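Take a look at the structure below.
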Protein chains: 2
Amino acid sequence: MTDRPMRDPADEDLTRVDSLAHEIFAGIANKWALLIVNVLGKDTLRFTELHTRIDGISHKMLTQTLRHLERDGLVDRFVHAQIPPRVDYHLTTAGQELRATVNGICGWTRRHLDHVEAARNRFDAGQ
Amino acid sequence: MTDRPMRDPADEDLTRVDSLAHEIFAGIANKWALLIVNVLGKDTLRFTELHTRIDGISHKMLTQTLRHLERDGLVDRFVHAQIPPRVDYHLTTAGQELRATVNGICGWTRRHLDHVEAARNRFDAGQ
DNA sequence: CGGCATCCCCCAGGATACTG
DNA sequence: CAGTATCCTGGGGGATGCCG
């Protein structure tokens, strides 16, 4: 938004709010984006399929997040010229690479359900 | 909030909004939580150190997110009985495990700065 | 079916200030 | 220095409706 040209890529840092790196990171580090990347996996899914597979996401957020991922080159969008419309989504190579590490977080979550639950009980017990 | 007892761990699914897995995942899948985990790394840092290392985070969000991570058993909190107060934060074993994959996302971001920038230019060019 | 625009509400989260 | 509490605003995000 503000004009801030000629930024040296070397000083791009995730922890600098005004850096490109931080901005890209922030756009990905939210549950809907990560879930979409995870659910897409290696598949090619159409809009409605994603919508049904990702419980709780609104029509609007799905569209919006998919646009964002497409713009950042994580998702390819294929529009079939037919009625009714059919639009397919697929992870790009870069998207696939991200998916690999996102799956790590998903896996971690599933493996630590009990750990977290126990920690919460302990924490809540001591106020 | 709603009483939903006796949930079979087997049907815990990240994509079910009312599942424990989704709730835990959602609490972690946001930029501040991930950045804190990343910045903490293997170090032991006090509140102020975190605050200065993570540009842009407010006092309130840092406290709040640290509490959340502590409650979920990702962060250990050490309060030194002294004046002025000194509070140290350190990743638990579970936190370290998560950090490994979070670093993957951070690394991915840094490696794909150019890719994303180019994709954005292409996207914006075609409207 | 999928996209986009509109309306609108709620709360995430920033700013500020007071304690121990 | 660290934590908690209060206030207040912006925009995230849901609901709805209309197009191609």
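Because the structure is a prediction, the values reported are computed rather than measured. A, B, ... follow the sequence lines: proteins, then strands. Residue 1 opens every chain. Heavy-atom basis, side chains included; hydrogens, waters and symmetry copies ignored.
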Contact under 4.0 Å: A:Arg86 side-chain N or O vs D:dG20 OP1/OP2: no

Residue A:Arg67, side-chain atoms from C-beta onward, closest of C:dC4, D:dC1, D:dG3: C:dC4

Under the side-chain contact (heavy atoms from CB on, under 4.5 Å) test, residues paired with A:Thr52 that sit two or more places apart: none

Side-chain ion pair, A:Glu117 and B:Arg71, N-O less than 4.0 Å: no

A:Phe47 CZ - C:dG3 C1' separation (whole Å): 8 Å

Check: B:Phe25 ring centroid to A:His112 ring centroid under 6.0 Å: no

Separation of atom CG in B:Leu66 from atom C1' in D:dC1, rounded to whole Å: 14 Å

Value in whole Å for how far the P atom of D:dC1 lies from CZ of B:Arg77: 16 Å

Side-chain N,O (B:Tyr89) to OP1/OP2 (D:dC1) below 4.0 Å: no

Between B:His90 and B:Lys42: side-chain donor-acceptor atoms closer than 3.5 Å: no

A:Gln82 CD - D:dG20 C1' separation (whole Å): 14 Å

Interatomic distance where NE2 belongs to B:His68 and P belongs to D:dG3 [whole Å]: 17 Å

A:Arg86: side-chain contact (heavy atoms from CB on, under 4.5 Å) partners, not counting sequence neighbours: A:Arg46, A:His80, A:Gln82, A:Asp88

salt_bridge(A:Arg16, A:Glu23) N-O dist < 4.0 Å: no

Per-nucleotide protein contact string for nucleotides 8-20 of chain C, where B marks a base within reach and S marks sugar-phosphate only (heavy atoms under 4.0 Å, - for neither): -----BBB----B

Spacing of B:Lys31 atom NZ relative to D:dG12 atom P, expressed in whole Å: 11 Å

